[in-house]
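This report concerns only the one structure given below.
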Amino acid sequence: MDDLLASLNDPQREVVTHVDGPMLVLAGAGSGKTRAITYRLAYLIRHDTPPWNVLAITFTNKAAEEMRRRVEALNTPRGATLCTFHSLCAALLREFADRAGIRPNYSIYDRDDQVRLVKEAMTRAAVPVAAVVPTRVLAKISHAKNSLQTPAALAEAAAGDRDRQVAEVYRRYEELLTANNALDFDDLLLRMAFVLRDNADVCELLGRRYQYVMIDEYQDTNHAQYLLARAITLRHRNLAVTGDPDQSIYAWRGADISNILEFENDYPDAKVIRMEENYRSTRAILHTASNLITHNVMRKDKALWTQRPGGPNVRLLYCNDEHDEAARVAGRIGKLRDAGVPCENITVFYRLNSLSRVIEQAFLAAALPYRVARGLEFFNRKEVRDLLAYLKLLVNPDDDVSCLRIINTPARGIGSVTIDHLRRHARRGGGAILSTCACGLQAGLKPPAAKKALAFAKLIESLQGLLEAPVPDVVNHVIEEVDFRQALASREEPRDSPTWANVMELVNTAAEFDQARQGGSLAEFLHQVSLVSDADHFDGGDGAVTLMTLHAAKGLEFPVVFIVGCEDSLLPLKRGDEPDKWSQASRARYEEERRLAFVGMTRAMDELTLSCARRRMVRGRTTPQAASPFLEEIGTDFVTVEDLTTPAPSAAAHRRLAGRFYTDGSSDADQRRIIEAMEVDAEQYVPSQYTYLRPGCRVYHPKFGPGLVTNMGTQRWPDTRIDVLFDDCGPKRIVLKHADLELIGQ
DNA sequence: TGATAGGTGTTTTTT
DNA sequence: ACACCTATCA
């Protein structure tokens with residue numbers, strides 16, 4: 001442990017060794033924050049805090065997993081709770097279900113389920129679905145929930161008919177959730193916050209259980225999360241939060257940046273630590289990103305600095321259209337690969353998921369391996385959702401949304417007429433759809449329909465007999481009894497659709513769950529699955545370029561980064577309903593877009609490229625695009641502009657050009673210019689294993705043995721030289737490129 | 001009851 | 001451009 005402390009800088013060491021009382025860590029991008037809090041966790045446990053008294057909350061499951069891995073790598077005893085706010089609350093709500101007024105077998109509704117429920121609520125509230133878009137209403141409901149507004153409060157504050165309608169839908173929506181014994185994502189946080197507010201004993205108990213609480217990405221917590229943190233730490237006040245106001249990018253989802261800005265007011269005795277030395281990026285990248293972020297008005301000033309040398313300039317790529325842009329990015333990546341850069345070191349960011357398509361096409365054409373880090377590719381598949389709906393219904397028979405989803409899947413002759421009848425009858429009697437099915441004729445169904453409904457109820461009932469069995473057994477049993485395979489086979493699937501493989505993958509997930517949590521209940525499994533996204537299973541190192549949204553990029557780092565689509569209405573993104581000119585009212589949103597760009601840029605370690613297109617196909621129309629205003633704000637000091645656009649050729653001509661670029665290697669002048677530009681750059685690439693190299697690092701040289709870096713030369717790669725004081729051979733100057741140095745400590 | 005066509009809306013970003 | 005929903009027909 002002490003050896004580890006030695007490898008930290010002063011503020012990092014302060015973070016790690018702080019034990020009791022509140023602490024605020026303002027950690028700039030790339031300042032080694034994750035490392036510091038991981039070490040602190042280990043430090044606490046090494047200094048006699050039982051691991052089960054430590055709670056560390058991260059923003060994503062992936063981050064939690066990563067931290068668990070790192071803590072274990074430090075040989076720290078296991079047992080600390082490492083999770084997201086949502087999964088913490090899901091578990092606590094199972095434990096304290098009675099206090100929350102729900103049953104522990106509750107269902108968690110994801111966005112898709114929520115939309116269905118909102119639609120139902122709209123029907124009941126007699127709001128025509130055509131008049132208001134359900135997703136819009138849902139957004140408003142979510143917003144209301146995040147600000148702890150009840151339907152009644154919303155109705156009271158309503159300014160017009162539209163608002164009143166929303167409030168009414170909200171009321172019905174809540175009713176439906178209760179009837180279905182279900183919670184949505186927002187509820188998980190809210191309900192638990194209410195439990196803590198209203199039950200001093202639970203507060204007390206959790207305070208004792210979680211003696212030390214750490215929260216990462218605190219700038220992106222919302223009000224409910226703030227209340228939760230406060231309640232749990234009320235007694236001992238051992239709350240350590242880390243974050244960076246400049247990286248707050250989730251205000252749209254209710255994140256409240258004042259949580260972190262006001263922390264010092266809430267805890268006047270808080271120890272405040274600033275980490276401003278950046279270990280990740282070259283000076284060129286850091287300087288350019290800093291230039292951008294200083295344009296934010298609503299901001300605490302902070303100066304990031306690095307000891308790393310300048311590195312190659314940030315490149316600004318102007319392209320003709322999105323195909324041209326994609327082809328150039330792909331071409332550049334091809335060059336890097338040929339120069340020996342592993343593809344997993346490279347990433348492409350974009351503002352909208354929809355931008356990935358063109359990039360993917362270009363990568364396919366160039367035969368570049370890539371992976372798209374999309375949120376829910378797997379769990380959104382119909383077959384997976386259907387299977388999960390069966391499981392949910394078994395656990396929670398009141399879950400009408402799941403019931404309706406599978407009542408006729410696979411087809412068992414229960415059509416819309418029968419379903420409508422069931423719904424009406426269920427609603428009148430206040431029962432669930434499933435129990436109404438079991439009523440058969442008594443539900444007023446015609447004999448043939450009643451028979452089918454009864455059969456369905458029987459099927460579910462028989463499956464419920466297995467609830468106590470290990471989770472994988474239940475899953476397999478359902479697949480067999482429901483004859484899932486048959487159902488899938490009869491469905492006309494498009495060629496090479498790995499439908500069945502997806503079902504099997506869910507079985508695997510269940511097996512993994514069972515292994516990790518011996519005797520875990522099916523409810524637990526379903527809750528976990530509901531809170532996990534595909535991106536969580538996503539770990540690099542598979543030799544592929546990663547494609548992801550800027551939001552997904554948070555917390556990651558890559559040696560080589562491309563940000564595409566740096567255009568005016570795309571980054572910053574302008575919504576359809578936004579006025580032409582950015583108004584004062586939308587300034588906060590505008591600044592969040594700037595922070596988003598900042599987050600993307602600061603992911604880069606060695607090389608950063610920003611690109612934009614002159615024209616882009618948006619919603620089926622080719623529109624002229626202006627460059628992002630951010631591209632001017634990054635300054636010119638460390639920026640190289642590559643404007644390779646040609647004067648107004650037709651879009652078709654460009655597609656031809658982009659296509660030819662890879663197929664026949666034809667050599668018109670334009671193309672030669674592109675290739676030459678790429679070759680020059682490929683030489684400037686600095687391998688990422690040297691990213692963290694700086695004075696003070698310990699390195700190992702195959703010939704001279706271990707030594708201490710005393711000075712970094714300012715020469716650009718590949719000429720970079722460094723001075724090393726070797727333990728055995730004394731001081732030497734080394735050309736970085738030729739020495740196979742290994743970094744052994746910082 | 002299921003398949004198809006045409007019309008409509010859609011696009012932030014994610015737990 | 002595309003996905004999804006609804007209305008219409010077999």
Side-chain angles (χ1 to χ4, degrees), chain A residues 57-64 83-90 108-112 114-116 119 129-130 132-136 139 142 145-146 183-190 217 220-222 224-225 248-255 322 349-358 361 373-376 379-380 382 408-419 448-449 452 490-492 527-536 548-555 565 569-578 589 592-593 595-597 599-600 616-623:
Chain A
I57 297 174
T58 56
F59 190 70
T60 61
N61 292 295
K62 189 169 60 181
C83 61
T84 65
F85 264 112
H86 287 86
S87 44
L88 174 73
C89 289
I108 296 176
Y109 280 179
D110 63 16
R111 209 191 133 77
D112 188 79
Q114 290 182 58
V115 171
R116 285 164 189 257
K119 281 184 185 158
V129 175
V132 200
V133 192
T135 54
R136 266 294 211 267
S142 176
K145 284 194 178 186
N146 280 323
L183 301 177
D184 63 22
F185 286 137
D186 300 324
D187 284 336
L188 291 172
L189 306 175
L190 281 190
E217 308 283 8
D220 282 321
T221 51
N222 65 22
Q225 291 166 330
S248 154
I249 53 174
Y250 282 96
W252 55 271
R253 170 177 128 180
E322 73 270 27
F349 298 148
Y350 34 79
R351 178 63 234 265
L352 299 176
N353 268 315
S354 55
L355 296 192
S356 75
R357 177 182 293 259
V358 206
Q361 282 169 359
R374 237 186 300 262
L376 298 157
F379 291 105
N380 258 348
K382 186 185 182 309
N408 200 34
T409 307
R412 42 175 77 88
I414 303 180
S416 60
V417 178
T418 310
I419 290 175
K452 289 169 192 159
S490 62
R491 210 171 80 200
E492 203 58 59
H527 288 175
Q528 185 193 293
V529 163
S530 301
L531 295 173
V532 149
S533 70
D534 296 355
D536 292 329
M548 66 174 88
T549 65
L550 284 163
H551 281 89
K554 187 165 88 158
S569 52
L570 212 48
L571 183 65
L573 180 76
K574 196 156 65 187
R575 282 186 314 209
D577 58 354
E578 213 125 28
R589 237 187 58 66
E592 180 153 310
E593 294 291 317
R595 288 195 293 270
L596 194 53
V599 166
R616 184 177 295 274
M617 180 90 94
V618 183
R619 287 219 285 277
R621 296 217 159 274
T622 301
T623 31

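Chain A is the first sequence line, chain B the second, and so forth, proteins listed ahead of strands; every chain is numbered from 1.
Rounded to whole Å, atom P of B/dT15 lies 12 Å from atom CD of A/Glu217. A/Asn222 has its CG atom 12 Å from the C1' atom of B/dT14, to the nearest Å. Atom CZ of A/Arg357 is separated from atom P of C/dA1 by 11 Å (rounded to the nearest Å). Across the protein-nucleic acid pair, A/Met617 atom CE and B/dT11 atom P stand 19 Å apart, rounded to whole Å. Atom C1' of nucleotide B/dT14 and atom CE of A/Met548 are separated by 14 Å, given to the nearest angstrom. Residue A/Asn353 contributes atom CG, which lies 12 Å from atom P of B/dT12 at whole-angstrom precision. Atom NZ of A/Lys554 is separated from atom C1' of B/dT14 by 10 Å (rounded to the nearest Å). Rounded to an integer number of Å, the gap from OH of A/Tyr109 to P of B/dT15 is 21 Å.
With sequence neighbours left out, A/Arg616 forms a side chain to side chain contact (heavy atoms under 4.5 Å, CB included) with A/Glu322, A/Glu325, A/Leu355, A/Glu567, A/Leu570, A/Ala613, A/Val618, A/Gln625. Residues passing the salt bridge (Lys or Arg N to Asp or Glu O under 4.0 Å) test with A/Lys452: none are found, sequence neighbours excluded. The side chain to side chain contact (heavy atoms under 4.5 Å, CB included) test applied to A/Asp110 returns A/Asp112, A/Asp113, A/Phe185, A/Arg385, not counting sequence neighbours. Residues forming a side chain to side chain contact (heavy atoms under 4.5 Å, CB included) with A/Arg357 (at least two apart in sequence, or on another chain): A/Gln361. Every residue two or more places apart in sequence or in another chain that forms a side chain to side chain contact (heavy atoms under 4.5 Å, CB included) with A/Ser87 is listed here: A/Asn61, A/Cys83, A/Thr84, A/Leu531.
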Might you list the N or O atoms of the protein lying below 3.5 Å from N or O atoms in nucleotides 1-3 of chain B, with each pair's distance?
residue	atom	partner	partner atom	Å
B/dT1	OP1	A/Gly413	O	3.2
B/dT1	OP1	A/Gly415	N	2.9

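At the phosphate of B/dG9, neither OP1 nor OP2 sits under 4.0 Å from any side-chain N or O atom of A/Arg136. Under 4.0 angstrom from either OP1 or OP2 of B/dT14 there lies at least one side-chain N or O belonging to A/Thr549.
Between the C1' atoms of B/dT12 and C/dC5, the separation comes to 22 Å (whole Å). Taking atom P on both B/dT11 and C/dT6, the two are 16 Å apart, rounded to the nearest angstrom.
Contact annotation: side chain of A/Arg351 to base of B/dT13, donor-acceptor pair present below 3.5 Å.
Side chains of A/Thr549 and A/Asn353: a donor-acceptor N/O pair is absent below 3.5 angstrom, by distance only.
Listed nucleotides B/dT15, C/dC5, B/dT13 differ in distance to A/Arg253; the shortest reach to its side chain belongs to B/dT15.
Annotation: of the two residues near DNA chain B, A/Leu352 and A/Leu189, the 5′-most nearest-nucleotide partner is A/Leu352.
Ring-to-base geometry does not place A/Tyr250 in a stacked arrangement with B/dT14 (centre distance under 5.5 Å, plane angle under 30° required).
Heavy atoms of A/Ser354 sit nowhere under 4.0 angstrom from any nucleic acid atom.
Proximity of the aromatic rings of A/Tyr250 and A/Phe59 is defined here by a centroid distance below 6.0 angstrom, and this criterion is met.
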